[in-house]
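Structure first, then comments.
Numbering of ligands and ligand atoms starts at 1, following listing order. Just so you know, residue 1 is the first one in the sequence shown, and it goes up from there. Hydrogens, waters and symmetry mates are skipped; everything else that's a heavy atom, side chains included, is used.
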Amino acid sequence: MQDYKIEFIQFALSRGVLKFGEFTLKSGRKSPYFFNAGLFNTGADLARLGDFYAQAIQANQLDYDVIFGPAYKGIPIGSAVSIALFNRFNLDKPVCFNRKEVKDHGEGGNLIGSPLQNKVLLVDDVITAGTAIREAMDLISANNAQLSAVVIALNRKERGRSELSAIQEVERDYQCHVLSIIDLDDLMQFIKQDPQYNQYIPAMQQYRDEYGV
Ligand SMILES: O=P(O)(O)OC[C@H]1O[C@H](OP(=O)(O)OP(=O)(O)O)[C@H](O)[C@@H]1O
Ligand SMILES: O=C(O)c1cc(=O)[nH]c(=O)[nH]1
């Protein structure tokens, strides 16, 4: 496993972002682990998080006009990524966010920041069953923009609506690249070798047998 993946897993564990236990997911699945990106909650952590995404974006030479961070956790991620792209690579890209509820006063609407137009780079924390990304896709289409690529922190490698993984379905349906900093295999490999966390392997294995691809 590449060093940056190990660093990212250690970073997430040290901030309590990656936790083991019993968690109910947006999809209703009961998971033995959870990635709570909201706990990257200091300036230093968000700067470091943004660097991980910015490096993945640059290393893969993604082609996009605007960064879109879907509510809620995509919002600080989108900001952190745009700042990291500017600080590290001198790239000044527009950023856009949505509200989960439409605002009916002031500027109104459900989008904040840049217009959502042309080629969109969507950034979010995790993909599980793919519901959040499809919701974001509805907004992108409604604005006549095109999804160009998706970058997430953790690919949980779970089934979507069919026997394919949620990410395979997104790539098939929207013809876009989906990149992640780490995936479930990286996480399993890491915890197998770590005496503090290898106790969670049986539950992780069982969950993967049920929902994994
Ligand atoms: O692939 P899925 O099955 O859709 O699950 C993953 C999504 O679930 C969470 O969003 P959620 O809307 O729960 O939360 P947030 O408002 O905390 O970002 C998470 O941030 C992902 O966006
Ligand atoms: O599927 C989800 O709802 C989900 C999984 C996860 O690991 N983290 C998160 O914020 N949501």
Side-chain angles (χ1 to χ4, degrees), residues 5 8-9 11-13 15-41 45-46 49-50 52-53 67-81 95-103 110-113 120-140 147 149-174 176 178-188 190-191 197 200 203-204 206-208 210-213:
K5 293 187 178 211
F8 188 73
I9 293 170
F11 178 37
L13 287 168
R15 300 304 187 268
V17 165
L18 197 49
K19 279 208 171 73
F20 299 90
E22 203 184 289
F23 304 91
T24 301
L25 307 185
K26 185 178 173 107
S27 51
R29 297 174 189 176
K30 295 262 192 294
S31 169
Y33 78 106
F34 195 74
F35 186 90
N36 176 7
L39 291 175
F40 290 126
N41 58 12
D45 285 355
L46 285 167
L49 180 68
F52 277 104
Y53 280 77
I67 298 167
F68 177 54
Y72 288 99
K73 295 207 199 79
I75 296 177
I77 294 173
S79 305
V81 172
V95 197
C96 176
F97 317 107
N98 66 304
R99 300 176 197 279
K100 284 199 178 182
E101 65 296 315
V102 176
K103 179 171 175 176
N110 64 352
L111 290 179
I112 305 169
V120 176
L121 170 64
L122 192 152
V123 292
D124 204 357
D125 50 0
V126 302
I127 291 183
T128 305
T131 309
I133 207 143
R134 286 177 189 283
E135 288 165 0
M137 195 52 216
D138 291 344
L139 261 175
I140 292 170
L147 181 63
V150 178
V151 184
I152 53 172
L154 169 65
N155 171 6
R156 296 177 53 106
K157 296 191 103 173
E158 295 186 28
R159 267 188 288 137
R161 297 165 163 180
S162 63
E163 290 310 303
L164 294 178
S165 77
I167 287 186
Q168 287 167 333
E169 289 177 350
V170 167
E171 289 179 328
R172 177 198 62 195
D173 295 347
Y174 307 122
C176 67
V178 180
L179 300 178
S180 63
I181 299 167
I182 56 164
D183 65 22
L184 178 62
D185 296 331
D186 300 322
L187 187 55
M188 296 284 271
F190 180 94
I191 65 174
Y197 296 106
Y200 301 114
M204 298 283 285
Q206 200 184 345
Y207 182 79
R208 183 153 77 171
E210 191 168 358
Y211 294 110
V213 175

Run through all N or O atoms in ligand 1 and write down each protein N or O closer than 3.5 Å, as a pair with its distance.
from, atom 1, to, atom 2, distance (Å)
ligand 1, 1 (O), Thr128, N, 2.8
ligand 1, 1 (O), Ala129, N, 3.2
ligand 1, 1 (O), Gly130, N, 2.8
ligand 1, 3 (O), Ala129, N, 2.9
ligand 1, 4 (O), Thr131, N, 3.1
ligand 1, 4 (O), Ala132, N, 2.7
ligand 1, 12 (O), Lys26, NZ, 2.8
ligand 1, 12 (O), Lys100, NZ, 3.1
ligand 1, 16 (O), Tyr72, N, 3.3
ligand 1, 16 (O), Lys100, NZ, 2.8
ligand 1, 17 (O), Lys73, NZ, 2.9
ligand 1, 18 (O), Tyr72, N, 3.2
ligand 1, 18 (O), Lys73, N, 3.0
ligand 1, 20 (O), Asp125, OD1, 2.8
ligand 1, 20 (O), Asp125, OD2, 3.0
ligand 1, 22 (O), Asp124, OD2, 2.8

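Checked against side-chain contact (heavy atoms from CB on, under 4.5 Å), Ser31 has the following partners two or more places apart in sequence or in another chain: Leu25, Tyr33, Arg156, Tyr207. Annotation: side-chain contact (heavy atoms from CB on, under 4.5 Å) contacts of Glu163 (sequence neighbours excluded): Arg159.
Classified by interplanar angle (parallel below 30°, tilted 30° to 60°, perpendicular above 60°), the ring pair Phe8/Phe52 is perpendicular.
Considering CZ of Phe11 and CD1 of Ile181, their distance stands at 9.5 Å, rounded to 0.5 Å. For the atom pair Leu184 CG and Asn155 CG, the distance stands at 8.0 Å (nearest 0.5 Å).
Using a 4.5 Å heavy-atom cutoff, the side chains of Phe20 and Leu13 are in contact.
Side-chain N or O atoms of Glu169 include one that pairs as donor or acceptor with a backbone N or O of Arg161 at under 3.5 Å.
Remark: of the listed residues Lys26, Arg29, Lys157, Arg29 is the sole one forming a side chain to side chain contact (heavy atoms under 4.5 Å, CB included) with Thr128.
Residues Arg208 and Asp185 are paired through a salt bridge, judged by an N-O separation under 4.0 Å between the basic side chain and the carboxylate.
Around ligand 2 you find Leu25, Lys26, Phe34, Phe35, Lys73, Asp125, Val126, Thr128, Arg156, each with a heavy-atom distance below 4.0 Å.
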